[in-house]
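One structure is given below, encoded as structure tokens.
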Amino acid sequence: MKELENKYYESQKLAAVGQLSAGIAHEVRNPLSSIKMSLQILEKRLQPEGNDLKRFKIAQREVEHLEKLVSDVLIYAKPLIPRMEPSDMKAVVEGSLAMVEKALAEKEIEVVREFPAGVGEVSVDQAMINQALINIFQNAADAMDKGGRLRISLAEGDDRLTLEVEDNGCGIDDEDRPHLFNPFFTRKSSGTGLGLTQVKKIIEQHGGEIEVRSKKGEGTCFVITLPRDAR
């Protein structure tokens, strides 16, 4: 009962943060669009060179970063309702890997697939699960040095399917691990801190669970469990 109570208060807190963030994001979106358009017009008219051009590019890049933050906040605050359909998880995983192929290839990361024969279908919203997996795969690539190893495995039970994504990257500090799924928590210099928050929300919308196991300097493993039929 105590655990359920804590989860309830946590969900209420996150809902309040989401509502506040969405309100701020809506107010910020229009001014950002105006700033972006003005920068583009001024660059064409003035045709700056040297340091002036460099400053224009920096300003445009920062505006794009803020636009990404606003977009992430709105997705977090008002997520889509999953459209469930029977899906082959092996195909879903491969589709997500294809979207991060460039990041993996640049670091020459070896992808090890452990997909047993005969893994059945699971009821998911493919686009949303793709979004979640792309985020996890990208984080894994960022955490690994050149020549790293990414292991992806599928296993099935009577009514659930388990997906593990394990890297041999830098791992996560013990003090950071409890905050991984908190909104706006990030150690990246350019991250929004909403990626893993969205991942957790997507998995929970599917009636599933996600946990993380990690040891500093040895790597990280995300374990996702999904019900076969989340009706």
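Fair warning: this is a prediction, and the values are worked out from it, not measured in the lab. FYI, the numbering just counts along the sequence from 1.
- No donor-acceptor pair closer than 3.5 Å links the side chain of Asp176 to the backbone N or O of Ile172.
- Side-chain contact of Gln40 with Gln60: a donor-acceptor pair under 3.5 Å is absent, judged by distance alone.
- Within a 6.0 Å radius of CD in Glu49, no more than 12 heavy atoms belonging to other residues, nucleotides or ligands are found.
- Between the NZ atom of Lys216 and the CZ atom of Arg177 there is a distance of 10.5 Å, given to the nearest 0.5 Å.
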Any chance you could lay out the side chain to side chain contact (heavy atoms under 4.5 Å, CB included) test for Val63 and Leu32, step after step, and finish with the verdict? CA-CA 7 Å; Val63 168; Leu32 274 180; 4.2 Å; yes

Working for side chain to side chain contact (heavy atoms under 4.5 Å, CB included), residues Leu226 and Leu163: CA-CA 8 Å; Leu226 294 169; Leu163 168 66; over 6 Å; no

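- Met84 contributes atom CE, which lies 8.0 Å from atom CD of Gln205 (distance to the nearest 0.5 angstrom).
- Heavy-atom neighbours of Lys54 NZ from other residues, nucleotides or ligands within 6.0 Å: at or below the threshold of 12.
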Take Ile210 and Val223 through the side chain to side chain contact (heavy atoms under 4.5 Å, CB included) test and state the conclusion after the steps. CA-CA 6 Å; Ile210 181 169; Val223 182; over 6 Å; no

CA sep, side-chain torsions, deciding dist, call: Glu121, Ser87, side-chain hydrogen bond (donor to acceptor under 3.5 Å, both in side chains): CA-CA 5 Å; Glu121 293 183 331; Ser87 305; over 6 Å; no

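- A search for salt bridge (charged side-chain N to carboxylate O under 4.0 Å, His left out) contacts involving Arg113 returns Glu94, not counting sequence neighbours.
- Annotation for Asp145: atom CG does not count as buried by contact number, only 12 or fewer foreign heavy atoms lying within 6.0 Å.
- Scanning both residues, Val212 and Thr220, for their nearest heavy atoms gives CG2-CG2, 3.6 Å.
- Here the side chain of Asp173 pairs no donor or acceptor atom with the backbone of Glu175 at under 3.5 angstrom.
- Between Ala141 and Ala103, the closest heavy-atom pair is CB-CB, 4.4 Å.
- Between the side chains of Arg151 and Ser153, at least one donor N or O sits under 3.5 Å from an acceptor N or O.
- Between Leu133 and Ile224 there is a side-chain heavy-atom pair separated by less than 4.5 Å.
- Side-chain contacts under 4.5 Å among hydrophobic residues (ILVMFWY), followed directly or transitively, place Ile41 together with Met37.
- Here the straight-line distance linking atom NZ of Lys146 with atom CD1 of Ile109 works out to 11.0 Å at 0.5 Å rounding.
- Put simply, the side chain of Asp125 gets close to the backbone of Arg83: a donor and an acceptor are under 3.5 Å apart.
- In this structure, the separation between CD on Glu166 and CZ on Phe222 is 12.0 Å, given to the nearest 0.5 Å.
- Rounded to the nearest 0.5 angstrom, Asp167 CG and Met144 CE are separated by 5.0 Å.
- Taking Glu156 as the reference, Arg228 meet the salt bridge (charged side-chain N to carboxylate O under 4.0 Å, His left out) condition, with sequence neighbours excluded.
- Contact record, Gln126 with Pro86: NE2-O, 4.4 Å, taken as the closest heavy-atom pair.
- In this structure, Glu43 CD and Phe56 CZ are separated by 6.5 Å, a value rounded to the nearest 0.5 Å.
- A pairwise comparison of heavy atoms in Asn130 and Ser96 identifies OD1-OG, 2.5 Å as the closest pair.
- The residues Arg213 and Glu164 are annotated as salt-bridged, a charged nitrogen and a carboxylate oxygen being separated by less than 4.0 angstrom.
- Although no hydrogens or angles enter the test, the distance criterion places no donor-acceptor pair under 3.5 Å between the side chain of Lys107 and the main chain of Gly148.
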Ile152 and Glu114: CA distance, side-chain angles, deciding distance, side chain to side chain contact (heavy atoms under 4.5 Å, CB included) verdict: CA-CA 6 Å; Ile152 306 168; Glu114 297 179 0; over 6 Å; no

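- Residues Asp142 and Gln138 have side chains that bring a donor and an acceptor to within less than 3.5 angstrom of each other.
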